[in-house]
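Contents: one structure, followed by commentary.
Numbers restart at 1 for each chain; the letters A, B, ... are given by sequence-line order, proteins then strands.
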Amino acid sequence: MELRLYDTMTKEKRVFTPIDPSNVRMYVCGPTVYDFAHIGNARPVIVFDVLFRLLRHIYGDKHVTYVRNITDVDDKINDRAVRDFPGLPLNEAIRKVTETTANQFQADVAALGCLPPTHQPRATEFVLPRPDGKADMVTLIKQLIARGNAYEAGGEVLFDTQSMPDYGALSGRKLEEQKAGARVAVDVHKKNPADFVLWKLSSENEPGWDSPWGRGRPGWHIECSAMSAAYLGDVFDIHGGGLDLIFPHHENEIAQSRCAHGTSVMANYWMHNGFLQVEGEKMSKSLGNFFTINELLTTDRFGGRKWPGEVLRLAMLKTHYRSPIDWTVSSLEEAFQNIGNWNDALSPHALSNMPGSYALPDEILEAVADDLGFSKVIAQMHQWAKLSKTGDASAAKKLAGTADFLDLGRSGWDKTLQEFLFKTATDNALNSKFDELIAAREDARARKDFKESDRIRDELAAMGVVLKDGRDADGRPVTTWEIAR
RNA sequence: GGCCACGUGGCGGAGUGGUUACGCAACGGUCUGCAAAACCGUGUACUCCGGUUCAAUUCCGGACGUGGCCUCCA
């Protein structure tokens with residue numbers, strides 16, 4: 001088995017070879033915690049979570065280091081701090097804003113079945129030189145100035161893009177084209193319009209740190225250069241994030257890191273997930289189709305119901321990570337049905353509920369190792385579900401092993417399905433009324449009073465309850481019910 | 001305007017130079033008092049126009065279309 005990953009830098013799938021198999025290193029750009037994370041933010045978190053699990057499977061749990069940062073220095077955070085905590089000193093208000101949203105983010109992605117990364121550094125802790133000597137932004141900027149890759153002008157420290165001959169390699173942009181586009185703001189103090197800010201001065205009411213260039217705050221990109229170096233070194237294996245980060249964020253990270261460290265690459269593989277649309281349209285607050293992870297989990301804003309985390313996770317994984325994904329109610333319903341179907345397939349087999357009880361099947365390992373090819377995985381799971389229903393225990397175990405590897409919450413499926421179907425009938429009085437009616441109908445059927453039994457069925461149907469007549473293992477009639485979908 | 005990705009059956013979504021994705025829906029059947037559910041089975045699709053080839057949905061060129069980036073948005 002060899003792992004192959006698509007590398008944005010070379011635009012091709014390449015066999016993955018770690019720098020050090022005893023410590024495989026991956027960095028993914030995390031959220032800016034000015035607000036609750038939206039469902040689009042969840043995509044890279046889920047995708048790279050599966051890659052993390054795959055790497056752990058291949059190289060061993062103790063031999064993979066996954067870093068996902070939390071950006072807590074940002075102008076939007078400042079705005080929100082002023083809005084939400086007008087009485088507090090700014091720095092304290094900022095801490096409050098980011099604490100709440102960062103905690104919410106952790107809870108949300110945990111509900112989506114994502115493992116915590118090995119390290120989750122916060123940008124504010126890496127601005128100034130640190131007692132532990134880990135890389136920091138101010139030192140990085142000093143190095144860039146010393147090496148002639150950055151200059152001070154107009155109260156800012158700027159990266160000199162012309163000092164780097166192959167600037168733009170990741171995004172395929174050339175500096176001349178940037179000029180031709182003419183959309184880049186013309187700042188007189190910049191040597192080149194493409195030059196970007198490493199450090200900018202803060203006014204009185206903005207958060208700031210004392211630096212050799214005055215009290216100020218870092219530019220957008222430098223934090224990732226600092227935090228990746230701090231935990232993963234100057235050169236590491238995989239750097240991931242959303243497609244939109246290719247330019248300018250990752251391009252500029254590369255420029256900063258490579259020039260400061262004097263290396264020819266920053267990371268060996270650059271991976272980017274595609275964007276998410278909602279019902280065919282770009283998600284935006286103005287269109288009213290903007291949904292946070294938390295809203296999907298806990299409110300009925302999307303499709304009129306709450307969605308279990310594993311349904312959201314499965315829906316996300318059903319589309320290849322590099323393709324655009326259309327986030328629709330029907331796609332979530334389908335994911336829910338898939339889980340219901342798999343649960344039906346597994347329940348007769350009395351499998352262990354302990355995650356990890358069943359091995360990851362080779363077929364799945366091979367599919368996932370081919371640039372995270374989940375569609376093959378899903379197809380395979382359906383096939384095993386079919387076999388499992390015919391009594392094939394080894395297929396059931398493979399299905400369980402796959403669900404556990406992807407962390408689709410198998411041990412909780414029964415409960416999840418119950419809660420999901422009962423969404424309009426959570427109160428016990430109503431449930432026992434259903435049971436009474438069903439029992440009455442059983443009696444009527446036994447008496448062959450089909451007029452009465454059909455009347456009861458209609459009565460339940462009017463309440464949105466669908467009956468399912470079947471037989472148990474001994475061939476005796478059994479009636480179950482569920483909420484009409 | 002520049003750069004990039006993509007265009008597959010009713011829908012979603014893989015993949016391939018000549019052979020079955022898969023799921024949902026639909027249709028047919030079995031079962032059922034009748035339904036529903038469940039189970040079994042059915043589908044021959046690949047934007048358009050050229051080119052290469054014995055053969056293209058798959059390779060090349062063009063057209064049209066969609067989406068993304070080019071303003072700290074995953």
Side-chain angles (χ1 to χ4, degrees), chain A residues 8 11 28-32 34 37-48 71 73-77 168 170-174 176-185 194 196-197 200 218-223 240-249 251-252 272-277 280-285 314-315 318-326 328 330-331 333-338 341 344 367 373-383 385-386 389-390 444-445 448-451 453-454 457-458 460-461 465-471 477-482 484:
Chain A
T8 308
K11 296 190 185 9
V28 174
C29 291
T32 301
Y34 65 90
H38 60 252
I39 190 62
N41 292 309
R43 194 172 190 194
V45 177
I46 292 172
V47 165
F48 290 105
T71 296
V73 47
D74 171 88
D75 288 344
K76 283 190 197 126
I77 291 173
L170 180 70
S171 58
R173 274 164 225 273
K174 299 194 169 46
E176 305 80 67
E177 286 165 0
Q178 288 294 103
K179 276 188 221 167
R183 298 260 187 107
V184 181
F196 55 91
V197 172
K200 55 188 165 191
W220 175 33
H221 318 293
I222 194 73
E223 79 216 33
L243 210 58
D244 60 318
L245 293 181
I246 293 173
F247 188 89
H249 184 57
E251 199 69 79
N252 292 347
H272 295 95
N273 62 274
F275 252 55
L276 173 147
Q277 290 188 298
E281 289 183 299
K282 179 165 180 161
M283 180 166 70
S284 75
K285 287 182 179 169
L314 177 61
K318 285 177 76 172
T319 299
H320 185 86
Y321 77 94
R322 283 191 279 120
S323 301
I325 186 170
D326 192 9
T328 61
S330 65
S331 72
E333 282 169 349
E334 196 173 309
F336 167 76
Q337 281 195 47
N338 293 153
N341 186 35
D344 288 347
F374 295 126
S375 49
K376 264 187 195 153
V377 173
I378 306 296
Q380 186 63 258
M381 290 174 82
H382 285 302
Q383 197 183 318
K386 214 169 254 188
K389 284 179 184 176
T390 66
R445 291 182 72 205
K448 302 220 185 289
D449 182 355
F450 298 123
K451 198 179 168 192
S453 76
D454 287 355
R457 184 168 67 199
D458 290 344
L460 282 162
V465 172
V466 179
L467 295 180
K468 305 199 291 190
D469 293 337
R471 291 187 184 279
V478 184
T479 298
T480 56
W481 63 273
E482 65 181 41

Quiz item: Looking only at atom P, what distance separates B:U53 and B:U44, rounded to whole Å?
Solution: 32 Å
Quiz item: Listed by chain and number, what are the side-chain contact (heavy atoms from CB on, under 4.5 Å) partners of A:H320, not counting sequence neighbours?
Solution: A:R322, A:S323, A:D371
Quiz item: What distance, rounded to whole Å, do you find between the two C1' atoms, one in B:C64 and one in B:A37?
Solution: 47 Å
Quiz item: What is the distance from CD of A:Q277 to P of B:G12, rounded to the nearest Å?
Solution: 12 Å
Quiz item: Does A:K376 place a side-chain N or O at less than 4.0 Å from the phosphate oxygens OP1/OP2 of B:A21?
Solution: no
Exercise. Provide, to the nearest angstrom, the distance between the CG atom belonging to A:D74 and the P atom belonging to B:C72.
Key: 11 Å
Exercise. Between B:A36, B:G13, B:C4, spot the one nearest the side chain of A:K11, thanks.
Key: B:C4
Exercise. Quickly work out the A:W220 CH2 to B:C72 P distance and round it to whole Å.
Key: 7 Å
Exercise. Check whether any side-chain N or O of A:T480 sits under 4.0 Å from OP1 or OP2 of B:A36, and answer yes or no.
Key: no
Practice problem: Determine: side-chain N/O of A:K282 to OP1/OP2 of B:C69, distance under 4.0 Å, yes or no. | Solution: yes
Quiz item: Atom CZ of A:F247 and atom P of B:C73: how far apart are they, to the nearest Å?
Solution: 15 Å
Quiz item: What pairs with A:Y321 under ring-ring contact (aromatic ring centres under 6.0 Å, His included), at least two apart in sequence or on another chain?
Solution: none
Exercise. Check every strand shown and say whether A:G40 touches a base, only sugar-phosphate, or nothing at a heavy-atom separation below 4.0 Å.
Key: base
Quiz item: Rounding to the closest angstrom, what is the interatomic distance between B:C24 and B:G13 at atom C1'?
Solution: 11 Å
Practice problem: Answer with base, sugar-phosphate or nothing: what part of the nucleic acid does A:R322 contact at a heavy-atom distance below 4.0 Å? | Solution: nothing
Quiz item: What distance, rounded to whole Å, do you find between the two P atoms, one in B:G18 and one in B:G29?
Solution: 37 Å
Quiz item: Among all residues two or more places apart in sequence or in another chain, which pass the side-chain contact (heavy atoms from CB on, under 4.5 Å) test with A:L243?
Solution: A:I246, A:H272, A:F275
Quiz item: Donor-acceptor pair under 3.5 Å: do we get one between A:D469's side chain and the base of B:A35?
Solution: yes
Exercise. Find the distance between CG (A:L170) and CG (A:N252) and round it off to the nearest 0.5 Å.
Key: 10.5 Å
Quiz item: Ring stacking, A:F275 with base of B:A74, under 5.5 Å and under 30°?
Solution: yes
Quiz item: If you measure from the P atom in B:G61 to the same atom in B:U52, how many Å do you get, rounded?
Solution: 15 Å
Quiz item: Is any side-chain heavy atom of A:D326 less than 4.5 Å from a side-chain heavy atom of A:T319?
Solution: no
Quiz item: Near A:K389 NZ, under 6.0 Å, is it more than 12 heavy atoms from other residues, nucleotides or ligands?
Solution: yes
Quiz item: Has the side chain of A:D454 got a donor or acceptor that lies under 3.5 Å from a partner of the other kind on the base of B:G33?
Solution: yes
Self-check item: Spacing between A:E251 atom CD and B:C72 atom P, to the nearest angstrom
Solution: 15 Å
Self-check item: Whole-Å C1' distance, B:C27 and B:G65
Solution: 33 Å
Quiz item: So what does A:L276 touch, heavy atoms closer than 4.0 Å: a base, only the sugar-phosphate, or nothing?
Solution: base
Quiz item: At under 4.0 Å between heavy atoms, what does A:L467 touch on the DNA or RNA strands: base, sugar-phosphate, or nothing?
Solution: base
Quiz item: Which nucleotide, B:A36, B:C72, B:A74, lies nearest any side-chain atom of A:V466?
Solution: B:A36
Quiz prompt | Atom pair distance, as rounded to whole Å: CD in A:E333 and P in B:C11 | solution = 18 Å
Which atom pairs link the protein and nucleotides 22-24 of chain B when you take only N or O atoms and keep those under 3.5 Å?
from	atom 1	to	atom 2	distance (Å)
B:G23	O2'	A:E334	OE2	3.3
B:G23	O2'	A:N338	ND2	3.4

Quiz prompt | Between C1' of B:U32 and CZ of A:R445, the distance in whole Å | solution = 8 Å
Exercise. Supply the atom-to-atom distance A:R457 CZ to A:D469 CG, rounded to the nearest 0.5 angstrom.
Key: 7.5 Å
Practice problem: Starting from C1' on B:G67, measure out to CG on A:N273 and report it in whole angstrom. | Solution: 15 Å
Quiz prompt | Proximity to the side chain of A:K468 - top-ranked nucleotide from B:A74, B:A37, B:G13 | solution = B:A37
Practice problem: For B:U20 versus B:G28, give the span between their P atoms, rounded off to a whole number of Å. | Solution: 26 Å
Quiz item: Is it the case that more than 12 heavy atoms not belonging to A:K448 sit under 6.0 Å from its NZ atom?
Solution: no
Quiz item: Heavy-atom distance under 4.5 Å between the side chains of A:T71 and A:W220, does that happen here?
Solution: no
Quiz item: With under 30° as parallel and over 60° as perpendicular, where do the rings of A:H221 and A:H249 fit, or are they tilted in between?
Solution: tilted
Practice problem: Name the nucleic acid region contacted by A:H320, choosing base, sugar-phosphate or nothing; use a 4.0 angstrom heavy-atom cut-off, strictly under. | Solution: sugar-phosphate
Exercise. Starting from the 5' end of RNA chain B, give me the residue, A:I325 or A:S453, whose nearest nucleotide shows up first.
Key: A:I325
Exercise. Runs of at least three consecutive Watson-Crick or G-U pairs, both distances under 3.5 Å, are what I'm after; which ones involve RNA chain B?
Key: B:1-7 with B:64-70, B:10-12 with B:22-24, B:26-30 with B:38-42, B:47-51 with B:59-63
Practice problem: Only counting residues at least two apart or in another chain, list the ones meeting salt bridge (charged side-chain N to carboxylate O under 4.0 Å, His left out) with A:K318. | Solution: A:E334
Practice problem: Using the P atom on both, measure B:U19 against B:U58 and round to a whole Å. | Solution: 13 Å
Quiz item: Should A:D74 and A:E223 count as side-chain neighbours, where that means a heavy-atom distance under 4.5 Å?
Solution: no
